[in-house]
Peer 1: 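Please read through the structure below; I'll follow up with questions.
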Amino acid sequence: VSTGGTPNVGFIGLPTTVATGAQVIYDGTKWQLMATVTPDATEAAKGIAELATQAEVTAGTDDQRIVTPLKLAKAVPAATEAKAGKVELATAVETTTGTDDTRAVHPAGLKVELDKKVKLAGDTMTGNLTVPSLNGGPLAGFRNAIINGNFDVWQRGLIFTGSEYGADRWLNSRTGSACTMSRQAFTLGQTDVPGEPQYFCRMTVSSVAGAGNFVLAGQAIEGVRTFAGQQVTISFWAKADASKNIAIECQQSFGTGGSPSSRVNAIGTVKKALTARWQKITHTVTITSVAGKTLGTDGNDSLDLYIWFDAGSDFNSRNDSLGHQSGTFDIAQVQVEPGPVATPFELRPFGTELALCQRYFWFSGMSKGYSIASGQAFGPSTAGYLVPLPVPMRSTHVTTGANSLHGSTAGGGSVLYQTIVAAKVIDTSKLYIMLALGGGSTGLTAGHGTLLSIGTGSNDGSLSLSAELL
């Protein structure tokens, strides 16, 4: 057989190249190919292919033979959590039900379910949320162990320069250096500090060099068992007149009376940098366990929070070597709560916060001649009164302060008391106070009733009780 051109004698002429094994046929006019050889199949072209054996399918190394569904099913087992394999996709109903443990969820089905969930940030719930706890603490109310953290209550006054209590429950503590604690008002509508707070606390520090000199603001949280062995998060808003540092410290005090354990300080001590703009300061710390410790017998143990502004070298271990500095420091919305996350500041009603403060300090308010209690005269110069208190005090052992206290006389006049002879809180809810005129003055009638008044028509008077912890 020859192809192309004129065939030689004895040869059949064909128009194209003929492969070995091809068949030709004469159609009465000319010779032509009857069939062509089919090539082997490839990834790019059709062709013939050999079926793989089960062993070849299982081995998975042959790239020339093809696999049948039966052999593939035997070679690829169903997927499990422990090994790869074939898997069936879940339907929409199966994805929503969430009980099937054998089928796989595809991205589209997963997105449908995720869109039903609340995002961690920037999302709004349209239904009810049920949770057992928030950071391991109460769900609503009293998550914050700090009282008057919003600096709304100032029973004692508005400006304090001594080492004394200023804002309720807050001690302006200083030695050597000078500091003025004062109440400051936020501008209405400001947005730097969230929640529209009304006031913040300002600490104006004039540092005096000395190893034992310092300035701090502190609050004692009643009960050293509070958060013992637990993780807590301290948070507050702060700024300074320029870039400066402050320090945070927790301390456990085991009280007085008997043989209490020594204080444990420098718990979670850390320095924090401030700028001239409000910023939220957060610090998570694990409070030391009280196992093996001994409490005092006076019932005044506490967990204390200190915010340091200025300190000599004697206190380096307690404030991360803060050092001496002068300046103006502003503090707002102080919170101490269980858990590792700082949640938004807990706003309690003012009446609730005031009552919490009055457990530790009660102030009658400045008054010009208003009666606050009735009593009885014991003689011409002494009388006793029972003063009702708005809330139970923390302890029956209190310190008193008084100014311009007057007692009514049988004849309709009044006498000015000079001395508090005795003062004792009864059942934590009533104050018994015994007063004396002093200076040889008389005017009372033994056995007669008498009213206790604060101030006169022209002069302010006051009466206060303190059961603070620090």
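If you're wondering where the values come from, they're calculated on a predicted model, not measured in any experiment.
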Peer 1: Is there a donor-acceptor pair closer than 3.5 Å between any side-chain N or O of N148 and the backbone N or O of D168?
Peer 2: yes
Peer 1: Under 6.0 Å between the ring centres of F160 and W170?
Peer 2: no
Peer 1: May I ask you to say whether E249 pairs ionically with R263, meaning some side-chain N is under 4.0 Å from a carboxylate O?
Peer 2: no
Peer 1: Apply the side chain to side chain contact (heavy atoms under 4.5 Å, CB included) test between R359 and each candidate in E222, M393, R169; give the one that qualifies.
Peer 2: E222
Peer 1: Any donor-acceptor pair under 3.5 Å linking the side chain of K271 with the backbone of D320?
Peer 2: yes
Peer 1: Looking at every heavy atom in both G255 and N300, which two are closest together, and how far apart are they?
Peer 2: CA-OD1, 3.2 Å
Peer 1: Is a side-chain donor or acceptor of Q325 paired with a backbone partner of D310 at a separation under 3.5 angstrom?
Peer 2: no
Peer 1: Kindly say whether R174 contributes a backbone atom to a donor-acceptor pair with the side chain of S163 at under 3.5 angstrom?
Peer 2: yes
Peer 1: Tell me if the aromatic rings of F315 and W308 count as close, with their centers under 6.0 Å from one another.
Peer 2: yes
Peer 1: Is the backbone of E94 close enough, under 3.5 Å, to the side chain of T91 for a donor and an acceptor to pair up by distance?
Peer 2: yes
Peer 1: Tell me whether H397 at atom NE2 has more than 12 heavy atoms from other residues, nucleotides or ligands lying less than 6.0 Å away.
Peer 2: no
Peer 1: Tell me, please, whether Y306 has R318 positioned over its six-membered ring: NZ or CZ under 6.0 Å from the ring centre and within 45 degrees of its axis?
Peer 2: no
Peer 1: How far does CD1 of I246 sit from CD1 of I307, to the nearest 0.5 angstrom?
Peer 2: 6.0 Å
Peer 1: Can a donor-acceptor pair be found, under 3.5 Å and without considering hydrogens, that links the side chain of Q54 to the backbone of K71?
Peer 2: yes
Peer 1: Is the count of non-hydrogen atoms from other residues, nucleotides or ligands lying under 6.0 Å from R156 atom CZ greater than 12?
Peer 2: yes
Peer 1: Mark yes or no for whether Q252, through its side chain, and T288, through its backbone, hold a donor-acceptor pair below 3.5 Å.
Peer 2: yes
Peer 1: Judged by atom type as modelled, is there a donor-acceptor pair below 3.5 Å linking the side chain of T428 to the main-chain atoms of P392?
Peer 2: no
Peer 1: Could you give the distance from OG (S182) to CZ (R202), rounded to the nearest 0.5 Å?
Peer 2: 6.5 Å
Peer 1: With L465, which of T399, L389, V387 fulfils side chain to side chain contact (heavy atoms under 4.5 Å, CB included)?
Peer 2: L389
Peer 1: Please check: side-chain N/O of S177 versus main-chain N/O of F214, any donor-acceptor pairing under 3.5 Å?
Peer 2: no
Peer 1: Quick one: does any side-chain atom of Q335 pair with a main-chain N or O of R143 as donor and acceptor, under 3.5 Å?
Peer 2: no
Peer 1: Under a plain distance cut-off of 3.5 Å, with no hydrogens placed, do D304 and S253 share a side-chain donor-acceptor pair?
Peer 2: no
Peer 1: With a 6.0 Å cut-off on the ring centroids, do F186 and W237 count as close?
Peer 2: no
Peer 1: Could you grab the distance from atom CG of N316 to atom CG of L322, nearest 0.5 Å is fine?
Peer 2: 9.0 Å
Peer 1: Can you tell me how far OG of S466 sits from OH of Y360, rounded to the nearest 0.5 angstrom?
Peer 2: 11.5 Å
Peer 1: What do you reckon, is CD1 of I159 surrounded by more than 12 foreign heavy atoms closer than 6.0 Å?
Peer 2: no
Peer 1: Under 6.0 Å from the NZ atom of K86, do we count more than 12 heavy atoms belonging to anything else shown?
Peer 2: yes
